[in-house]
Amino acid sequence: GYILDNCEARVFLADVSLGDQAAGATSHTDALQLNLAVGGTLPGFDNYLDHLGAYPDTNIENPTRGTRMLYTSGTTGRPKGVIRPDRAPVGAAATSTSTTGLNLDPDTDTSLCTGPAYHAAPLAGDIIAPLGAGVRMVLMDKWDPEETLQLIERYQVTKCHMVATMFHRLLQLPQSVRERYDLSSLRRVTHGAAPTPVHVKRAMIEWFGPIIMEYYAATEGGGGFTISSEEWLRKPGSVGRLKKGYDNRIITEDGQEAGPNEIGTIYFRKPSVGGFEYYKDPQKTADSYRGDYYTMGDLGYFDDEGYLFLTGRSAELIISGGVNIYPQEIDDVLLQHPAVQDACCIGVPNEEFGEEVKAVVQLRPGFKADAALSQALRDFVREHLASFKVPRSVDYCEDLPRLPSGKIQRRKVREPYWADTRASADA
């Protein structure tokens with residue numbers, strides 16, 4: 001509903017399986033002129049096929065090709081529309097096999113779309129590119145680890161896109177389940193969207209083989225970072241090295257270009273034609289640019305060979321006693337503990353230091369949340385990281401909020417712990 005209103009949509013198409021959700025979304029905006037239901041009827045919607053039948057089936061004279069405006073995943077707030085006003089519209093031909101580097105073959109390939117179709121990577125790699133190349137597609141209504149393996153075997157899937165959370169949950173399947181399915185048809189698994197813990201990716205390469213390719217990019221554009229399994233095994237944790245034709249920089253807090261192994265904010269160079277704007281948010285757009293470079297707020301560093309390593313996002317940074325702590329690093333350690341299903345570290349109020357580290361943990365079945373386990377988890381982190389990064393406390397939850405893209409919604413986890421502080425400030 002928020003996106004319908006924000007983008008001033010005039011036409012809305014909804015599948016009948018969405019039912020009341022579709023009708024509810026329309027109530028958020030007055031701009032809609034036409035609602036169309038696909039696959040049946042919905043109250044307040046016209047039938048798509050009936051509506052289509054009223055139009056001639058001849059070609060349109062002098063058609064004008066449109067473009068698209070994707071929305072960001074909303075990791076740090078509301079999703080933002082990304083529009084590129086100076087870029088010429090492109091059609092399916094421009095996003096087919098030649099430009100994606102996937103070398104798709106309509107006679108032998110099958111693509112499995114594991115993620116939401118509104119997210120940039122599944123849309124481009126698992127839907128638009130296969131459609132443009134005439135390749136068979138398999139769509140999942142909702143992601144499930146064992147069903148993923150079933151579909152790969154049943155449809156002889158050759159390529160798909162995944163995210164770190166999917167890797168983690170696949171690896172948690174019992175060995176007997178993992179060995180039940182033939183995955184030999186797979187020849188490429190692409191992943192990105194969120195950092196992947198080193199131990200998780202290493203285990204996936206051992207299981208799937210050296211067919212896993214990682215990338216680093218953004219809805220806003222830019223990036224140019226990719227890394228193969230073989231290259232990653234030599235540089236564990238990296239998302240790749242800058243490719244020819246791209247210009248990325250890392251800028252420190254004092255505005256200087258970072259040296260090797262120095263953490264800073266990652267900036268992409270604006271394309272010579274067609275930068276981006278956040279739709280109806282000129283201030284957010286302006287804040288993202290530094291001259292000809294722009295940032296999504298990601299933090300990282302280049303090593304001595306120019307390989308990029310991500311450390312988190314500036315909006316998620318924990319500052320305790322003036323020291324920067326990157327929560328993703330602590331999450332990755334906690335996920336290695338046998339009791340932990342999922343983990344999210346955040347900064348919570350501390351009178352002396354401003355913030356302190358708290359771990360919010362979702363346990364695997366069979367483990368009990370108690371003081372002894374909390375101490376064990378803190379000791380486990382201490383074995384791997386510096387003492388100032390060890391969580392001061394551990395809370396437990398039944399489920400952690402993640403976007404369908406796999407990104408943890410750290411903002412939602414933080415909010416309850418800062419509610420009293422905001423209330424005091426308002427008073």
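The analysis underlying the following values was restricted to heavy atoms, covering all of them including side chains, and did not include hydrogens, waters or symmetry mates.
Residues Ala359 and Leu334 approach most closely at CB-CD1, 3.8 Å, considering heavy atoms. Summarising the geometry of Arg187 relative to Ile211, their closest heavy-atom pair is O-CB, 3.6 Å, with the distance given to 0.1 Å. The minimum heavy-atom distance linking Ser288 with Tyr278 is given by the pair OG-CE1, 3.3 Å. Closest approach of Gly192 to Val163, counting heavy atoms only: O-CG1, 3.7 Å. Smallest separation of non-hydrogen atoms from Ser238 and Ile227: O-CG2, 3.8 Å. Taking all atoms of both residues into account, the shortest heavy-atom contact from Ile318 to Pro327 is CD1-CB, 4.1 Å.
Screening residues 144-158 for side-chain hydrogen bond (donor to acceptor under 3.5 Å, both in side chains), with sequence neighbours left out, gives Asp109-Thr158, Trp143-Thr148, Glu146-Arg180, Glu146-Tyr181, Gln150-Tyr181. Among pairs with a residue in residues 37-48, none fulfils side-chain hydrogen bond (donor to acceptor under 3.5 Å, both in side chains), at least two apart in sequence or across chains.
In this structure, Ile266 and Leu299 have side chains that are not in contact, with every pair of non-hydrogen atoms separated by 4.5 Å or more. Side-chain contact between Ile330 and Pro391 is present, with heavy atoms from C-beta onward closer than 4.5 Å. For the pair Arg241 and Leu308, the minimum side-chain heavy-atom distance is 4.5 Å or more. Between Arg290 and Thr295 the shortest side-chain heavy-atom distance does not fall below 4.5 Å. With a 4.5 Å cut-off on side-chain heavy atoms, Asp303 and Lys235 count as touching.
With Thr265 contributing its side chain and Gly297 its backbone, the two residues share no donor-acceptor pair below 3.5 Å. Under a 3.5 Å cut-off, the side chain of Ser185 and the backbone N or O of Val157 do form a donor-acceptor pair. One N or O on the side chain of Tyr396 and one on the backbone of Ser374 form a donor-acceptor pair closer than 3.5 Å. Panel note: side chain Glu277, backbone Ile83; no donor-acceptor pair is recorded below 3.5 Å. Without hydrogens or angle criteria, Thr190 side chain to His161 main chain gives no donor-acceptor distance under 3.5 Å. Judged by distance alone, with hydrogens and angles left aside, the side-chain atoms of Ser111 form no donor-acceptor pair with the main-chain N or O of Met137 at under 3.5 Å. Between the side chain of Arg410 and the main chain of Cys345, a donor-acceptor pair closer than 3.5 Å is present.
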Full working for side-chain hydrogen bond (donor to acceptor under 3.5 Å, both in side chains) between Arg249 and Tyr267 = CA-CA 5 Å; Arg249 296 182 180 181; Tyr267 279 82; over 6 Å; no
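Applying the salt bridge (Lys or Arg N to Asp or Glu O under 4.0 Å) criterion to Glu8, with sequence neighbours excluded, gives Lys280. Partners of Arg10 by salt bridge (Lys or Arg N to Asp or Glu O under 4.0 Å), not counting sequence neighbours: none found.
Distance check, rounded to the nearest 0.5 Å: CZ of Phe45 to CZ of Phe12 gives 5.0 Å.
Residues Phe367 and His337 place their aromatic rings such that the two centres sit no closer than 6.0 Å. No close placement of the Phe268 and Phe276 rings is indicated, their centers lying 6.0 Å or farther apart.
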Pairs of donor and acceptor atoms involving the side chains of residues 26-40, under 3.5 Å and at least two apart or interchain, shall be tabulated with distances.
unit_1: Thr26; atom_1: OG1; unit_2: Ala23; atom_2: O; d: 2.6
unit_1: Ser27; atom_1: OG; unit_2: Gly24; atom_2: O; d: 2.6
unit_1: Thr29; atom_1: OG1; unit_2: Ala31; atom_2: N; d: 3.1

Identify every side-chain donor-acceptor pair in residues 165-173 under 3.5 Å, counting partners at least two apart or on other chains, and give the distances.
unit_1: Thr165; atom_1: OG1; unit_2: Arg402; atom_2: NE; d: 3.4
unit_1: Thr165; atom_1: OG1; unit_2: Arg402; atom_2: NH1; d: 3.1
unit_1: Thr165; atom_1: OG1; unit_2: Gly406; atom_2: O; d: 3.2
unit_1: His168; atom_1: NE2; unit_2: Gln172; atom_2: NE2; d: 2.9
unit_1: His168; atom_1: NE2; unit_2: Gln341; atom_2: O; d: 2.9
unit_1: Arg169; atom_1: NH2; unit_2: Asp342; atom_2: OD2; d: 3.3
unit_1: Gln172; atom_1: OE1; unit_2: Gln341; atom_2: NE2; d: 3.1

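Residue Phe309 forms a ring pair (Phe, Tyr, Trp, His ring centres under 6.0 Å) with just one option from Tyr301, Trp232, Tyr326, Phe302, and that option is Tyr301.
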